[in-house]
Trainee: 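Please find one structure pasted underneath; my questions will follow.
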Amino acid sequence: MTTDRATVSATILDYPRIGPNRELKRVIEGYWAGRVSAADLDETTTRLRLDTLTELHRAGLDEVPTGTQSRYDHVLDTAVLLGAVPPRHLRAGEDPLDTYFAMARGRPEAPALEMTKWFGTNYHYLVPEIGPDTPIALRGDKPVRQYREAVDLGIPGRPVLLGPVTFLLLSAAAADAPAGFDPLDRLDDVLAAYRELLGQLAAAGAGHVQLDEPSLVTDLTQAQLDAFTSAYAYLAESPARPELWVQTYYGFPAPAALTTLAGLPVHTVGLDFSGAAAEDLPAAVGEAGLRGKRLAAGLVDGRNVWRTDLRRALATATVLAGMAAEVVVTAGSPLLHVPVDLAVEDELPAELVRRLAFAKQKVAEVVAIARGLREGTPAIAEQLSASDLLHRTPVRQDAALRARIAGLSEQDELRPAPAEERFALQRKELGLPQLPTTTIGSFPQTAELRKARAGHRKGELSEHDYHAVLRAEVDKVVALQEELDLDVLVHGEPERTDMVEYFAERLDGFAVTKLGWVQSYGTRCARPPIVHSDVTRPAPMTVEYAAYAQSRTTRPVKGMLTGPVTLLQWAFVRTDQPRADTADQVALALRDEVADLEAAGLRVIQVDEPGLLEGVPLRAEHRADYLQWSVRAFRLATAGAQAATQVHTHVCYAELATVVEAVRALDVDVISIESARSGGAAAAVGALTSGVGPGVFDVHSPVVPEVAEQAAQLRRALRWLPAERVWVNPDCGLKTRGYAEVRPALRVMVEAARTVRAEITG
């Protein structure tokens, strides 16, 4: 079957922003450090933008998205575009760029905006603060300027904006807003600004404008759905506007949301068909009634690195072509969640490389599917043949591991004693004061450490000398913590590049890329590993340096592990078996590591699981199954610990209140949480039965808070928790900070703990 060329096109929704070699990261951090001028920053970002436009056009896309590059975060960009800048961040006569970065990073007198996860992905966005009196009006022309860049290059561009309703749904009420105020109350003001901007884009020649509304795939009230209806009715009324394109992604809308979306007076509707149930989704589209509209069909997974099953995607596209006036083949989500180019990965096994597609390769897949839909399967016969062979080839299995998993019982998920009994044993074993102080795990990764690691990898530094460097760093970190009088110490993790990558390098079934960088937030990038087959642990992974640190002090040292769900959540995971099965495999590897740490004398073990809460599905109907298997995996990893061994975990930037029962089911002894940017310990922690460490300072800001500020954080926690269950710690690891910031921040933290400890003991 072929389809009229005029009714099929190819595009993508977004592309990695950081540059093929993380150029954006380097130039922005250079600007912060004073090494790069604003003019040089602008020159580099412009070059990256234009290079991306040219590359995507040459790849065969019929339209190229514009306006998607950001110097920190696209939600922050939208807030600034609308003039929604909190008063604390405004300084008379200040360069707007410095105000922008102050909102992202904070200043001593002006804390940064809250940061949280973007729709269950590993990207973080900055939460706009909106109140009844927040100024909202169009304050810039960035989308227009960046669209004109494409026009000047002769490239068919399509401006991309964060949709107005999603912008407000992602926002938080300003601190001084009256009770009951909802940022959505300001929708009329936001729409007026959008209507003005759409008029400017139309005048610049834009035929379509993509408005991203991923909130439509979440659980929405009828009032919120009605907001979409009224918003787009208002925007559509304007005669001087481009055609409107409403795009959803990260899942498929619920029936009510899909019906609302189908009824909007817009030209194009974008839906994500890249999920596991792709074959079932066209029926829902048919029922919603999209005839007469153009459908942007997301047929390539934008969040994972596996090659698309082209035959399956083409079959779905063919069905969809009969349901809409036109079909635009695209990715299921923005491609900012995958690395830029597979071609630079010359150290991965060839067998694995054949199965992978990074952003550049996914663009080629989008183009191929569109061509196959237009011209028929013979036009892409070679690509289809290679795809068929790839997807028929089974993944190798580990028989011994699978037999071990088959032999597990519910008893393997249970700690050896109830929580209260463990609490008494641990209190006697550890001898800690009230409000014990600790850190989350990592200490700064210094230039010297990075140089030694690079030298070791290049063969310029021997194994013996490299380990000497690491031990010296552990000595320094332990001595610093003793000097500061912390109660539970860490070894600082000098041997680890990343809390996931380190374990991936030591577990069979994982692969690590060389340049597979993905933006996490701002200039922070990570290299997510790839889980490609059964996961096993060939040897202990963390015992050497944890045990060495414990040998250098009489205070308890925490063994530091990354939990099974986080190891998957922050990786690209195989899709040929249920994620739950892979989680059990990782959990057993960690269970063996816990046993080895105990045998080495560690009596406190932290199994970090920020990914567990971050991975909670966007819609409530999908959560029960996820929480069941993710909690099971964590308990498999930790339940083998002795009753006297104190098991900690850490979560950050997550909505604890929505899954508090699942967190209780983890059966940990202590949980540390992010709370510095989100306003202190939430009431939800009062429902926990474990010890709780609310983060008392924000490690993502260079600002060192005062004693009074950290003490206030602790007092807030004591409103919800008894003193014997409160711990004192930063809100995340310290790897990204320097010692010039870490030393005073921890000193202030210890002093704040002493201050509040004195208050509660009289």
Side-chain angles (χ1 to χ4, degrees), residues 398 400-401 403-405 407-408 411-417 422 425-426 429-430 438 440-442 463 466-467 470-471 474 477-478 488-510 529 534-553 555-568 583-609 633-650 666-670:
D398 186 297
L401 171 64
R404 182 182 179 188
I405 289 176
L408 292 172
Q411 191 63 37
D412 293 301
E413 302 173 38
L414 302 177
R415 294 288 301 276
R422 299 199 309 266
L425 289 170
Q426 293 160 14
E429 176 83 14
L430 300 174
T438 189
I440 301 304
S442 61
E463 190 81 9
Y466 180 54
H467 285 294
L470 296 178
R471 289 196 170 212
V474 171
V477 169
V478 169
V488 175
L489 313 187
V490 297
H491 78 283
E493 304 177 15
E495 77 284 15
R496 307 183 192 184
T497 55
D498 177 86
M499 66 181 291
V500 172
E501 180 182 83
Y502 177 82
F503 291 90
E505 291 175 327
R506 288 156 180 80
L507 289 167
D508 287 345
F510 278 80
D534 286 356
V535 177
T536 56
R537 185 192 75 140
M541 302 177 287
T542 66
V543 174
E544 178 182 359
Y545 294 107
Y548 177 72
Q550 186 63 82
S551 75
R552 308 298 286 175
T553 181
R555 303 185 187 207
V557 171
K558 285 194 288 190
M560 299 298 307
L561 304 177
T562 302
V565 181
T566 300
L567 283 172
L568 300 186
D584 284 352
Q585 294 177 357
V586 178
L588 289 183
L590 294 172
R591 186 183 184 98
D592 294 343
E593 189 72 12
V594 168
D596 285 340
L597 285 168
E598 284 187 311
L602 280 295
R603 288 294 170 261
V604 182
I605 298 174
Q606 182 168 309
V607 182
D608 288 334
E609 276 290 28
F634 182 88
R635 290 176 64 139
L636 277 177
T638 58
Q642 300 170 21
T645 298
Q646 192 171 74
V647 175
H648 290 227
T649 193
H650 170 68
L666 296 177
D667 199 20
V668 294
D669 301 307
V670 179

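All values below were derived from every heavy atom in this structure, side-chain atoms included, with hydrogens, water molecules and symmetry-related copies excluded. Computed from a predicted model, the values in this text were never measured in an experiment. Along the sequence shown, residues carry numbers from 1.
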Trainee: Is it true that a side-chain atom of Asp534 and a backbone atom of Asp398 form a donor plus acceptor pair closer than 3.5 Å?
Mentor: yes
Trainee: So do Leu430 and Val604 actually touch side chain to side chain, heavy atoms under 4.5 Å?
Mentor: yes
Trainee: Looking at Asp596 and Arg537, does any basic side-chain N land under 4.0 Å from a carboxylate oxygen?
Mentor: yes
Trainee: Charged N to carboxylate O under 4.0 angstrom, Asp669 versus Arg415?
Mentor: yes
Trainee: What residue among Leu636, Leu590, Asp584, Val535 forms side chain to side chain contact (heavy atoms under 4.5 Å, CB included) with Pro564?
Mentor: Leu590
Trainee: Please lay out, stage by stage, how Arg603 and Gln550 fare under the test side chain to side chain contact (heavy atoms under 4.5 Å, CB included).
Mentor: CA-CA 10 Å; Arg603 288 294 170 261; Gln550 186 63 82; over 6 Å; no
Trainee: Nearest 0.5 Å, what's the CD1-CD distance between Ile405 and Gln585?
Mentor: 4.5 Å
Trainee: With side chains defined as the heavy atoms from C-beta onward, is the minimum distance between Ile605 and Gln646 less than 4.5 Å?
Mentor: no
Trainee: So which atom in Ala587 and which in Ala633 form the shortest heavy-atom distance, rounded to 0.1 Å?
Mentor: CB-O, 3.2 Å
Trainee: Do the non-hydrogen side-chain atoms of His648 and Val607 ever get within less than 4.5 Å of each other?
Mentor: no
Trainee: Shortest non-hydrogen contact from Leu567 to Phe510?
Mentor: O-CE2, 4.1 Å
Trainee: Could you state the interatomic distance from OG1 (Thr645) to CD (Glu429), rounded to the nearest 0.5 Å?
Mentor: 7.5 Å
Trainee: Could you go step by step and tell me if Met560 and Val490 meet the side chain to side chain contact (heavy atoms under 4.5 Å, CB included) rule?
Mentor: CA-CA 8 Å; Met560 299 298 307; Val490 297; 4.3 Å; yes
Trainee: Over all heavy atoms of both residues, which pair between Val474 and Ala549 is shortest? Give the atoms and the distance, please.
Mentor: CG1-CB, 3.7 Å
Trainee: Just wondering, do Phe503 and Val586 contact through their side chains at under 4.5 Å, heavy atoms?
Mentor: no
Trainee: Would you say Glu593's side chain and Ala637's backbone share a donor-acceptor pair under 3.5 angstrom?
Mentor: no
Trainee: Between Thr649 and Val647, is there a side-chain heavy-atom distance shorter than 4.5 Å?
Mentor: no
Trainee: When you look at Arg404 and Asp592, which way does the salt bridge (charged side-chain N to carboxylate O under 4.0 Å, His left out) test go after all the steps?
Mentor: CA-CA 13 Å; Arg404 182 182 179 188; Asp592 294 343; 3.0 Å; yes
Trainee: Under a 3.5 Å distance rule, please check whether Glu495 uses its side chain to pair with a backbone N or O of Tyr545 as donor and acceptor.
Mentor: no
Trainee: Between Arg422 and Asp667, is a salt bridge (charged side-chain N to carboxylate O under 4.0 Å, His left out) present by the stated rule, with each step listed?
Mentor: CA-CA 11 Å; Arg422 299 199 309 266; Asp667 199 20; 3.0 Å; yes
Trainee: Does Arg471 reach the side chain of Tyr548, with side-chain heavy atoms less than 4.5 Å apart?
Mentor: yes
Trainee: Working to the nearest 0.5 Å, report the span between CD of Glu609 and CZ of Phe634.
Mentor: 6.0 Å
Trainee: Please report the closest heavy-atom contact between Ala643 and Leu425, naming both atoms and the distance.
Mentor: CB-CD1, 3.7 Å
Trainee: Could you grab the distance from atom CZ of Arg506 to atom CZ of Arg496, nearest 0.5 Å is fine?
Mentor: 8.5 Å
Trainee: Would the distance check show the side chain of Thr562 and the main-chain N or O of Val500 forming a donor-acceptor pair, the cut-off being under 3.5 Å?
Mentor: no
Trainee: Spell out, as yes or no, whether a donor-acceptor pair under 3.5 Å connects the side chain of Gln606 to the backbone of Ile440.
Mentor: yes
Trainee: Tell me, with the steps shown, if Leu507 and Thr536 meet side chain to side chain contact (heavy atoms under 4.5 Å, CB included).
Mentor: CA-CA 6 Å; Leu507 289 167; Thr536 56; over 6 Å; no
Trainee: Check whether any side-chain heavy atom of Val594 lies under 4.5 Å from a side-chain heavy atom of Leu561, and answer yes or no.
Mentor: yes
Trainee: Working to the nearest 0.5 angstrom, can you tell me the gap between Glu493 CD and Asp498 CG?
Mentor: 10.0 Å
Trainee: What is the distance from atom CE of Met541 to atom CG of Leu597, rounded to the nearest 0.5 Å?
Mentor: 9.0 Å
Trainee: Do Val488 and Arg555 come within less than 4.5 Å of each other through their side chains, counting heavy atoms only?
Mentor: no
